[in-house]
Amino acid sequence: MLGYPCMNRTLRDREEPLRCNRGMQKATFEERGPAYAADLARQNLRDLRTILEWNNEHGIGFYRVTSTLVPWNSQFDLAELETYDELARLAARCGDYVREHGMRLTFHPDYWCRLASSSRDTVERSLRAVEYHADWLDLMGLARSPYFGINVHIGATYGDRAATAERFRDAVCELSSGARARLTVENDDEAGLWAVTELVEQVSDRVGVPVVFDYHHHSFSDRGLSYREGFERAAETWDCRPAVHYSEPARLHGADTKPQAHAEYVAGVPGWLRDRADVMVEAGAKERALLRLKDRAATAAEH
DNA sequence: AAGTGTCAAGCATTA
DNA sequence: TAATGCTTGACACTT
């Protein structure tokens with residue numbers, strides 16, 4: 001399966017925009033509190049169902065859900081919301097649809113989720129972030145498996161790689177069983193950060209967290225492994241179908257940007273990767289990049 | 001209605 | 001020691 005992250009531009013551009021990432025700034029949250037967050041969450045969950053239907057109708061089975069699905073969820077528990085039952089019903093409608101159609105969802109908490117931080121406060125906030133993503137998956141009734149993963153980066157070395165890996169493993173062991181069962185870890189996009197091999201050896205082999213192979217990031221930290229070799233190392237850490245990320249550098253498409261920047265579209269996902277994994281295509285044009293790929297494939301088949 | 005500056009959270013780099 | 005980039009949309013305020 002192929003997938004795309006978070007925003008469906010086609011549905012967002014409608015007269016009545018559909019989206020599942022309504023949020024608010026701090027001042028508004030302080031003024032209006034969890035009740036307003038619950039109202040936005042209701043609209044987000046309602047639209048998520050429609051986005052999933054649209055995806056399915058367009059042959060897209062894989063989707064990354066935004067972390068703003070329930071805005072400000074770090075500040076309250078879902079269960080304490082007055083509209084909890086309604087949110088639970090709306091979430092269940094999403095999960096039911098996913099299961100009925102054999103689809104796959106993942107989450108990707110933002111870059112301040114730092115489970116290996118040298119600051120204990122940051123670790124605790126990060127643990128909390130993973131937990132509330134897991135709450136959402138529970139609410140949807142989706143399996144406690146990395147198939148419905150919560151994907152994070154280590155994202156720093158704090159000047160001591162071994163100590164950082166150890167803190168990450170310790171944090172993994174602090175998670176609830178439901179959250180831990182869903183956690184995945186992805187290779188970083190800088191040479192000095194975490195490469196596939198390091199994640200496999202220092203995290204996955206020790207505490208069983210599967211490694212999400214990011215094809216583009218691998219080019220910054222390949223440690224001498226080809227793309228295929230990097231993928232193979234990561235694939236061994238999965239006991240279900242691996243999830244991987246694929247994107248192409250914007251530079252390859254003529255943009256004058258830093259090497260890490262993603263292109264708007266992708267020319268094509270390698271067949272060997274598609275055969276073995278579900279591929280999250282991270283392209284600026286989001287779902288339109290996938291539609292273009294399918295279009296190209298159909299055109300090629302005619303010739 | 002359209003335009004603009006700013007935004008919860010972390011870290012590394014630079015000035 | 002303090003500012004900046006990351007990556008990007010969307011919020012919130014101004015015109």
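Each chain gets a letter, A, B and so on, in the order the sequences are listed, and its residues count up from 1.
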Picking from B:dA8, B:dG10, C:dT7, which would you name as closest to the side chain of A:W72?
B:dA8
Starting at atom CD of A:Q260, determine the distance to atom C1' of B:dA12, rounded to an integer number of angstrom.
13 Å
Please pick, from C:dA10, B:dA12, B:dA8, the nucleotide with the shortest atom-to-atom distance to any side-chain atom of A:A156.
B:dA12
Distance check: side-chain N/O of A:S117 vs OP1/OP2 of B:dG10, anything under 4.0 Å?
no
Tell me: CG of A:L115 to P of B:dG10, nearest whole Å?
13 Å
Kindly say if A:Y158 contacts the phosphate of B:dC11, meaning a side-chain N or O under 4.0 Å from OP1 or OP2.
yes
Out of C:dT7, C:dA10, B:dG10, whichever nucleotide has its closest atom nearest the side chain of A:K258
C:dT7
Rounded to the nearest angstrom, tell me the gap between atom CZ in A:F220 and atom C1' in C:dC6.
13 Å
Would you say A:R19 reaches C:dA10's phosphate, i.e. side-chain N/O to OP1/OP2 under 4.0 Å?
yes
Considering only B:dC11, C:dT7, B:dA9, which nucleotide approaches the side chain of A:Y132 most closely?
B:dA9
Using a cut-off of 4.0 Å on non-hydrogen atoms, how would the nucleic acid contact of A:F29 be classed: base, sugar-phosphate, or nothing?
nothing
Using a strict cut-off of less than 4.0 Å between a Lys/Arg side-chain nitrogen and an Asp/Glu carboxylate oxygen, indicate whether A:R32 and A:D39 qualify as a salt bridge.
no
Taking any heavy-atom pair under 4.0 Å as a contact, classify A:G23: base, sugar-phosphate, or nothing.
sugar-phosphate
Checking contacts here: which listed nucleotide (C:dT7, B:dA8, C:dA10) is nearest the side-chain heavy atoms of A:N21?
C:dA10
When all nucleic acid strands are considered with a 4.0 Å heavy-atom cut-off, which category describes A:N73: base, sugar-phosphate, or nothing?
nothing
N/O (side chain, A:R125) to phosphate O (OP1/OP2, B:dG10) under 4.0 Å:
yes
Tell me whether the rings of A:W272 and A:Y215 are parallel (<30°), tilted (30 to 60°) or perpendicular (>60°).
tilted
Atom-pair distance (OH on A:Y36; P on C:dA10), nearest Å:
14 Å
Taking the same atom, P, in C:dT4 and in B:dC7, what whole-Å distance lies between them?
13 Å
Which of A:T68, A:T66, A:D47 passes side-chain hydrogen bond (donor to acceptor under 3.5 Å, both in side chains) with A:R22? It is A:D47
So what's C:dT15 paired with, Watson-Crick or G-U wobble, going by both distances under 3.5 Å?
B:dA1
Can you tell me how far P in C:dA3 sits from the matching atom in B:dT6, rounded to whole Å?
14 Å
Is the shortest side-chain heavy-atom distance between A:F220 and A:E190 below 4.5 Å?
no
Work out how far the P atom of B:dA8 is from that of C:dC13, and round it to whole angstrom.
12 Å
Can you check whether A:W112 stacks with the B:dA9 base, using ring centres under 5.5 Å and planes within 30°?
yes
Taking NZ, NE, NH1 and NH2 as the nitrogens, is one of them in A:R49 or A:D96 under 4.0 Å from a carboxylate oxygen of the other?
no
Angle between ring planes, A:Y4 versus A:W54, binned at 30° and 60°: parallel, tilted or perpendicular?
perpendicular
Within this structure, what is the NZ-to-C1' distance between A:K286 and C:dT8, rounded to whole angstrom?
8 Å
Ranking B:dA8, B:dA9, C:dG9 by distance to the side chain of A:Q75, first place goes to B:dA8
Figure out the CZ/P separation between A:R22 and B:dC7, and round it to whole Å.
24 Å
Once you apply the 3.5 Å cut-off to both distances, tell me the Watson-Crick or G-U wobble partner of C:dT8, or none.
none
Return the value, rounded to whole Å, for the distance between atom CG of A:D110 and atom P of B:dG10.
12 Å
Checking A:Y246 side chain against A:G268 main chain: does a donor-acceptor pair fall under 3.5 Å?
yes
Mark yes or no for a side-chain to base donor-acceptor pair under 3.5 Å between A:S74 and B:dA8, with no hydrogen or angle criteria applied.
yes
Which base sits across from B:dA8 as a Watson-Crick or G-U pair, both distances under 3.5 Å?
none
For C:dA10 and B:dC11, measure between their P atoms and round to the nearest Å.
27 Å
Please give, in whole Å, the distance from B:dT6 C1' to A:K26 NZ?
14 Å
B:dT14 versus C:dT7 - spacing of their P atoms, nearest Å
16 Å
